Number of protein chains: 2
Amino acid sequence: MVYISVIDEQNRLASAPAGNALPNSAGALFQLLRDGTPRTRSDLTAMTGFARSTISARVEELLDSSLIRPAGENSSTGGRPPSTFAFNPEARSVLAVDLGGTHARIAVTDLATRVLAEKEQELDITRGPVAVLDAVAAVAMELLQEAGRNPKDLLGVGVGVPGPVEFATGRPMSPPIMPGWDHFDIPAHLRRWFAVPILVDNDVNAMARGEHAVAYPGVANMMFVKVATGIGSGIISDGRLQHGAQGAAGDLGHIATPDGDATPCTCGNFGCLEAVASGPAIAAQLRERGFDVPHPAAMLELVRSGDPEALRTVRHAGRQVGSVLAGCVNLLNPSVIVIGGVVSTAGEHFLAGIREAVYSRSLPLATQHLRIVGTQTRARAGVLGSSAMVTGHGLSIENVNRLIG
Amino acid sequence: MVYISVIDEQNRLASAPAGNALPNSAGALFQLLRDGTPRTRSDLTAMTGFARSTISARVEELLDSSLIRPAGENSSTGGRPPSTFAFNPEARSVLAVDLGGTHARIAVTDLATRVLAEKEQELDITRGPVAVLDAVAAVAMELLQEAGRNPKDLLGVGVGVPGPVEFATGRPMSPPIMPGWDHFDIPAHLRRWFAVPILVDNDVNAMARGEHAVAYPGVANMMFVKVATGIGSGIISDGRLQHGAQGAAGDLGHIATPDGDATPCTCGNFGCLEAVASGPAIAAQLRERGFDVPHPAAMLELVRSGDPEALRTVRHAGRQVGSVLAGCVNLLNPSVIVIGGVVSTAGEHFLAGIREAVYSRSLPLATQHLRIVGTQTRARAGVLGSSAMVTGHGLSIENVNRLIG
DNA sequence: CGACTTTTGATTGACAACCGACAGAAGTGG
DNA sequence: CCACTTCTGTCGGTTGTCAATCAAAAGTCG
């Protein structure tokens with residue numbers, strides 16, 4: 001349900017259903033049904049305060065558009081049993097794209113962020129926007145067919161890319177690992193195939209949205225932290241994903257760790273979190289200790305094998321991440337921190353190191369209800385977030401009214 | 001002007017005047033006039049797309065309520081000269097309260113956050129909520145009379161208190177320096193005198209709102225940092241003040257400084273920013289170096305006198321603050337950081353230290369358009385912010401419609 | 001099986017919102 | 001002084017919304 005702030009009768013700040021304050025419309029009614037729970041017309045009149053006749057008309061509109069569908073009948077309470085209606089996630093579909101440095105994951109989802117068809121494949125981002133996006137579009141067409149969906153069916157396209165993005169225009173802004181993509185108009189190019197709204201965001205922001213939508217839908221303040229080649233985060237504050245002034249918010253990788261570590265970083269500074277706790281940094285530390293770690297996957301195997309030295313190294317890296325996150329907790333006071341990225345798959349020791357450092361260095365008021373957890377959506381976080389980004393904008397009151405009208 | 005996100009004709013994410021999507025109403029029209037610029041009826045028809053007759057009716061409503069007032073005539077363009085209308089900040093007044101540990105500043109302002117009457121006085125917060133709020137109410141009544149305003153005239157009351165607040169209820173939550181205030185219902189108590197909406201927030205959040213409203217109204221992402229006995233901040237992201245999950249967001253005081261300093265802090269940890277760069281910490285450092293610094297004011301005098309050793313100490317403290325802010329910049333990517341609090345009045349050396357550390361440790365993308373500045377509103381930031389908090393809620397579309405209807 | 005209850009859909013009339021048209025007001029320019 | 005332009009207020013007409021009523025549908029209960 002969508003809530004807005006109002007001052008209630010006691011002149012206190014409170015929350016009220018948006019339907020009371022916003023204009024009555026099919027779109028507003030739809031927001032009440034969006035949680036998927038079946039409701040009767042009577043439920044809706046009680047929730048909105050509008051007349052049954054008005055609700056009936058609105059429900060009919062929504063049924064016609066197939067955005068809601070009949071959901072059976074409730075049991076009778078002595079008279080005719082009421083018929084119920086619920087959000088119909090099958091009404092439209094969403095194309096969700098998650099681009100990484102070397103791989104792309106592409107999915108077709110329904111409106112409830114459920115995957116209908118999905119494919120992951122190698123795709124080198126350095127091949128440039130035209131080659132990459134053309135390849136993405138080709139796979140997308142296959143997936144749409146596989147899912148039995150028509151391109152006309154799409155509500156929109158969501159794309160996550162591994163670099164900062166100017167969210168309003170969908171253009172990457174000076175991305176360090178995406179040569180040729182700077183200021184490229186991704187929506188314009190993709191619109192050659194898909195004549196629908198196209199939204200682009202940073203990949204970690206997309207992952208934050210995915211985890212939020214699927215696993216923590218009611219949480220207003222959370223962080224998603226990705227620890228892999230780099231270390232980044234997506235921030236959701238007050239229920240909204242935060243981009244910052246240049247779309248560069250959430251970059252944890254080059255925050256200095258508090259213990260005065262002087263490891264040099266690729267950015268030119270010393271002691272950056274990325275230089276001491278990222279996947280490559282952990283692998284380097286293990287090599288220093290005589291282990292044979294030719295590639296990141298080998299590091300994970302070593303840790304999973306239970307080698308004590310490797311576990312200590314990973315746990316220490318976790319503490320480093322946690323020491324930086326402790327500052328983030330004091331600053332943002334989130335309810336949940338989700339840890340994702342390949343390094344987080346190394347096991348519980350990494351997470352334990354993070355928790356240890358956060359709970360020892362953050363303020364009690366901020367940590368008393370704080371949960372630090374591993375990702376539930378794992379490798380799918382990105383595509384799920386791209387999908388949630390599209391439904392978040394595409395199922396707004398205004399847009400639903402447009403879809404119907 | 002109020003903007004909302006929509007997908008435009010090109011299916012791109014863009015901004016459009018709220019009047020297009022929100023229902024037409026006097027409140028919505030008022031938002032277009034709220035910037036204070038005089039506009040003609042024709043201007044408004046062009047901005048909203050509504051018929052002149054509709055606009056005329058709405059303008060009349062707003063004139064009747066005195067929320068807008070005639071603002072003279074524009075010069076003729078060949079025919080009858082159009083009359084213009086502008087926001088009338090005198091229509092109502094606001095009671096703004098800024099409570100500190102030992103002082104209170106109370107002001108009556110107009111709707112444009114301009115002070116009409118103001119008083120600062122000693123008031124020990126440890127005397128407890130009843131004694132303090134009763135004293136505040138008494139002063140407020142005097143100030144209302146001094147400003148020639150009636151209590152009925154109030155749009156609302158805004159209060160800043162030196163501790164965490166549950167914003168929705170206006171109750172302090174485990175405030176460390178406010179004995180007797182924990183969970184006290186401040187709005188309920190003040191409502192005995194003022195039967196209007198009463199909003200309560202943390203004092204640093206209020207200062208952030210004040211500086212934002214008066215000096216940086218268009219900036220969507222900024223931080224206000226107060227360096228005094230403690231070190232705290234107010235965060236404005238995406239144009240909204242962020243409270244975090246427990247209203248504890250913005251606490252910089254107990255973030256660990258990156259250089260591994262081991263100074264013990266009152267919180268039980270080591271190397272907290274507050275332990276190395278707050279007013280008392282700087283005073284302690286100066287005492288260690290043989291200076292006679294019996295109280296905080298003496299520290300300021302010493303620095304203002306230009307003593308090189310004192311300047312070095314202050315500059316070093318600035319660097320410590322900056323090293324923590326560098327992380328905040330990477331995390332939040334603000335456009336502006338405003339430095340306030342008594343320590344910031346010590347001179348440019350403190351600010352210089354902050355800038356030095358931030359610009360050396362933050363990412364170029366985040367710092368290229370970043371400004372780090374001293375407060376313009378100074379000691380008034382708190383009351384101005386309390387006032388802005390009230391107008392921000394009280395002049396919303398819904399509330400203006402209520403004021404008129 | 002019949003009386004009663006509850007839900008649903010259709011109809012109707014009241015009402016408010018909004019628009020366009022019109023006439024009057026207040027200027028400019030020849 | 002008059003033609004023309006631009007702005008303003010008013011009025012009637014249209015539209016769409018909403019609430020009340022009613023009859024039919026579909027169940028429960030005795």
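All figures in this text were calculated on a predicted structure; none of them were measured in a lab. So you know, we letter chains A, B, ... as the sequences are listed, proteins then strands, and number each from 1.
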- With sequence neighbours left out, write down each residue that passes side chain to side chain donor-acceptor pair (under 3.5 Å) with T37(A), or none if nothing qualifies. D35(A)
How close or far is atom [atom2] of [N] from atom [atom1] of [X], stated in whole angstroms?
X      : N       : atom1 : atom2 : answer
R58(A) : dT17(D) : CZ    : C1'   : 7 Å
E73(B) : dA25(C) : CD    : P     : 15 Å
L29(B) : dC18(C) : CG    : P     : 11 Å
N74(B) : dT5(D)  : CG    : C1'   : 16 Å

- Query: Below 4.5 Å, heavy atoms only, C-beta onward: do L154(B) and S93(B) meet side chain to side chain?
  - Reply: yes
- Does anything in residues 62-71 of chain A pair up under side-chain hydrogen bond (donor to acceptor under 3.5 Å, both in side chains), and if so which pairs, sequence neighbours excluded? R69(A)-N88(A)
- Message: Test of understanding: with ring-ring contact (aromatic ring centres under 6.0 Å, His included), list the residues that count as partners of H212(B), not counting sequence neighbours.
- Response: none
- List in chain and number order the residues that pass salt bridge (charged side-chain N to carboxylate O under 4.0 Å, His left out) with D238(A), two or more places apart in sequence or in another chain; answer none if no residue qualifies. R240(B)
- Item | Partner set under salt bridge (charged side-chain N to carboxylate O under 4.0 Å, His left out) for R41(A), not counting sequence neighbours | none
- Query: For every nucleotide of nucleotides 6-11 of chain D, 5' to 3': is a protein heavy atom under 4.0 Å from its base (B), only from its sugar-phosphate (S), or from neither (-)?
  - Reply: BBSSB-
